[in-house]
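Okay, so here's the structure we're looking at.
In what follows, chains are A, B, ... by sequence order, proteins preceding strands, each numbered from 1.
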Amino acid sequence: MNNQTKSQFVAVASITSELSAVMVVAKEISLAAANAKAIAFRAGDKAKGFQPITDFINELAKETIELVTSINVYALSLYQLTVNEYRKTIAYNKFELVVKIAKDAPYAQSMQPPLEHAKLSMELCQRQFKRDVKQLLDQLEAVMHHARAARVIAANSRIEASQAGEYLQSLQAVAESVDKAAHTIHDNVQRCRIALSLYRNS
Amino acid sequence: MKMTKIYEGTHQWIMFGRDENKPVNIIDSNQYAVRTANRCLLLEPGGSELFAPMMAAVLHHAPVEQITDLFASHQDPDVISSLGLWDQALSNAKLHAPAIWESFLRHFGCESIEYVPIPDNGGTIKLESVELQLIPAHYLHSSGNFHVYDPQARILMSGDVGSALEAPGAPMFVENFDLHIEKMRYFHQRWMPSNQAKRAWIERVRNLDIDILAPQHGRIFKGNDVKRFLDWFDALQVGIAV
């Protein structure tokens with residue numbers, strides 16, 4: 001296995017790992033939303049502006065979880081494609097070697113159809129891989145968009161929390177936890193994008 | 001890869017082995033082909049490292065599209081880890097292999113090749129007018145294991161039974177049985193786990209009319225050396241590691 005193939009395997013495998021961390025964080029946001037809702041309910045009028053924000057936070061967490069679940073399925077199929085591409089490349093290289101070694105064999109010519117077929121299959125896998133990487137990058141961009149939205153919500157939450165009197169600290173903690181989670185999601189997804197972007201145009 | 005015709009009649013048996021370009025740290029193995037007018041069966045087609053030289057050697061005897069059948073006596077990598085490559089090279093082929101190993105062997109890649117599972121009590125492979133018998137050899141050494149007997153050519157392809165650990169470039173045939181014993185003693189004592197299985201196999205094989213006993217490693221036994229081998233193996237205690 002050459003270094004590029006190794007890196008490709010590592011890149012694809014690391015996406016699943018990064019995304020499972022994103023999933024954990026998204027679930028934390030969902031929990032923070034439920035917590036904020038309870039606090040805002042107790043705070044009554046003092047946290048009136050905070051109440052609709054909790055629904056936004058919850059909705060955002062739910063959408064992120066759904067998106068990551070679907071990306072994970074996609075990442076697994078990308079991994080399978082990487083395995084297939086690897087197998088097809090090995091076969092093509094071995095078939096080329098057969099043609100070279102068997103040049104004096106009476107039936108050497110019969111190796112041409114399998115060789116051509118292996119070449120086509122390998123190239124098909126390579127094109128499919130590039131297409132899938134591009135689509136995965138688009139989906140990851142959607143998660144980044146959610147992370148950015150979460151940070152805006154966190155900023156709004158801080159403003160609303162400042163008007164919540166004795167509930168200020170609790171609601172600020174919620175805003176902090178949403179902001180922190182959004183950062184983590186952003187960083188993890190960014191790492192996936194960097195790892196994959198090498199293969200978009202390779 | 002060296003090629004030796006070991007039988008020529010209405011059909012041919014060809015042995016492939018002693019590949020000079022083989023990596024030094026992998027065991028040398030014997031591959032066999034049974035060639036009829038329009039078909040070719042490869043017995044123990046070999047590990048993935050050997051695929052290219054093996055295929056290139058086969059092309060001296062048959063075109064790719066006439067390689068219609070593969071046989072694997074058991075699941076070991078030196079026997080059949082090339083399966084995923086044959087799978088991509090052959091468009092219309094069957095793999096005859098023990099039923100109990102099917103889901104294991106498919107790990108090597110078996111999508112276009114049809115897996116024909118051999119039941120525990122054996123079966124046959126029909127290659128045009130040639131009918132080969134699949135002789136049970138379970139626990140010698142694998143728990144699901146078969147040998148191939150050709151009653152017309154009087155050849156028994158005996159998988160790991162009869163194998164020897166040899167220096168590179170060893171001759172194809174046993175020339176002095178007594179000198180050959182030490183090359184195969186440890187292999188049989190250590191790789192073969194069951195005296196009971198060994199006895200059952202010897203009893204079955206003694207009823208066959210065999211001129212050539214062709215193992216997967218080492219040299220081929222001819223004529224009286226076949227009986228000498230069976231007698232020697234009968235007396236040998238195997239499964240020594242416990």
Side-chain angles (χ1 to χ4, degrees), chain A residues 1-6 8-10 12-13 16 73 76-132, chain B residues 1-3 5 12 14 16 18-23 31 33 35-40 42 45-68 70 77 80-93 106-113:
Chain A
M1 193 184 282
N2 63 31
N3 282 342
Q4 190 185 336
T5 313
K6 277 183 196 165
Q8 188 171 321
F9 269 107
V10 171
V12 176
T16 318
V73 172
L76 281 175
S77 86
L78 197 66
Y79 188 79
Q80 192 55 52
L81 193 61
T82 306
V83 173
N84 277 347
E85 189 194 327
Y86 172 66
R87 282 185 171 165
K88 304 283 181 198
T89 307
I90 293 276
Y92 176 65
N93 292 340
K94 295 270 188 193
F95 292 2
E96 265 196 320
L97 186 58
V98 171
V99 170
K100 200 173 144 195
I101 306 173
K103 60 180 185 299
D104 300 328
Y107 300 107
Q109 208 47 36
S110 70
M111 198 57 206
Q112 282 306 319
L115 178 71
E116 280 158 26
H117 184 260
K119 189 176 184 210
L120 285 176
S121 301
M122 179 184 71
E123 288 170 349
L124 190 72
C125 275
Q126 285 165 347
R127 282 198 297 274
Q128 179 76 42
F129 184 79
K130 277 183 197 166
R131 267 200 301 274
D132 285 6
Chain B
M1 181 80 73
K2 287 188 178 154
M3 298 173 268
K5 211 169 270 181
Q12 299 172 344
I14 305 124
F16 304 87
R18 314 294 190 267
D19 182 30
E20 287 166 0
N21 299 313
K22 168 188 82 61
Q31 292 71 235
R35 177 74 169 123
T36 59
N38 301 299
R39 288 174 63 182
C40 182
L42 303 181
S48 53
E49 287 283 348
L50 280 190
F51 171 83
M54 176 61 188
M55 173 64 110
V58 173
L59 292 178
H60 284 268
H61 301 276
V64 174
E65 66 274 13
Q66 289 187 9
I67 305 170
T68 54
L70 305 176
I80 189 65
S81 65
S82 56
L83 177 60
L85 294 163
W86 293 106
D87 190 60
Q88 293 182 66
L90 309 180
S91 53
N92 178 34
R106 285 185 181 279
H107 276 280
F108 290 132
C110 184
E111 286 165 19
S112 69
I113 288 178

Worksheet entry | Partner chain B: residue of A:Glu96, A:His117, A:Lys88, A:Lys103 with the largest heavy-atom pair count (under 4.5 Å) | A:Lys88
Discussion item. Is any side-chain heavy atom of B:Asp19 closer than 4.5 Å to one of B:Met54?
Written reply: no
Item to complete: Check each atom of A:Lys100 against the heavy atoms of chain B and say whether the ones under 4.5 Å are side chain, backbone, both or neither.
Response: neither
Discussion item. Need one label for A:Ala91: side chain, backbone, both or neither, based on atoms under 4.5 Å from any heavy atom in chain B.
Written reply: both
Worksheet entry | Option among A:Thr89, A:Thr82, A:Asn84 that satisfies the side chain to side chain contact (heavy atoms under 4.5 Å, CB included) test with A:Cys125 | A:Asn84
Worksheet item: Can B:Gln88 and A:Arg87 be counted as having a side-chain donor-acceptor contact under 3.5 angstrom?
Response: no
Discussion item. For chain B, which candidate among A:Ala102, A:Pro106, A:Ala118 shows the most heavy-atom pairs at distances under 4.5 Å?
Written reply: A:Pro106
Practice prompt. Please check if atom NE2 in B:His60 has more than 12 non-hydrogen atoms from other residues, nucleotides or ligands closer than 6.0 Å.
Written response: yes
Worksheet item: Parallel, tilted or perpendicular for B:Phe51 and B:Trp86, by the 30°/60° rule?
Response: perpendicular
Worksheet, complete the sentence: Among B:Ala62, B:Ser48, B:Pro53, the residue with the most heavy-atom pairs under 4.5 Å to chain A is B:Ala62
Item to complete: Output the option from A:Pro113, A:Ala105, A:Pro114, A:Ala108 having the highest count of non-hydrogen pairs under 4.5 Å with chain B.
Response: A:Ala105
Practice prompt. Could you grab the distance from atom CD of A:Gln8 to atom CG of A:Leu81, nearest 0.5 Å is fine?
Written response: 8.5 Å
Discussion item. Counting only non-hydrogen atoms closer than 4.5 Å, does B:Ala57 touch chain A with its backbone (N, CA, C, O), its side chain (CB onward), both, or neither?
Written reply: neither
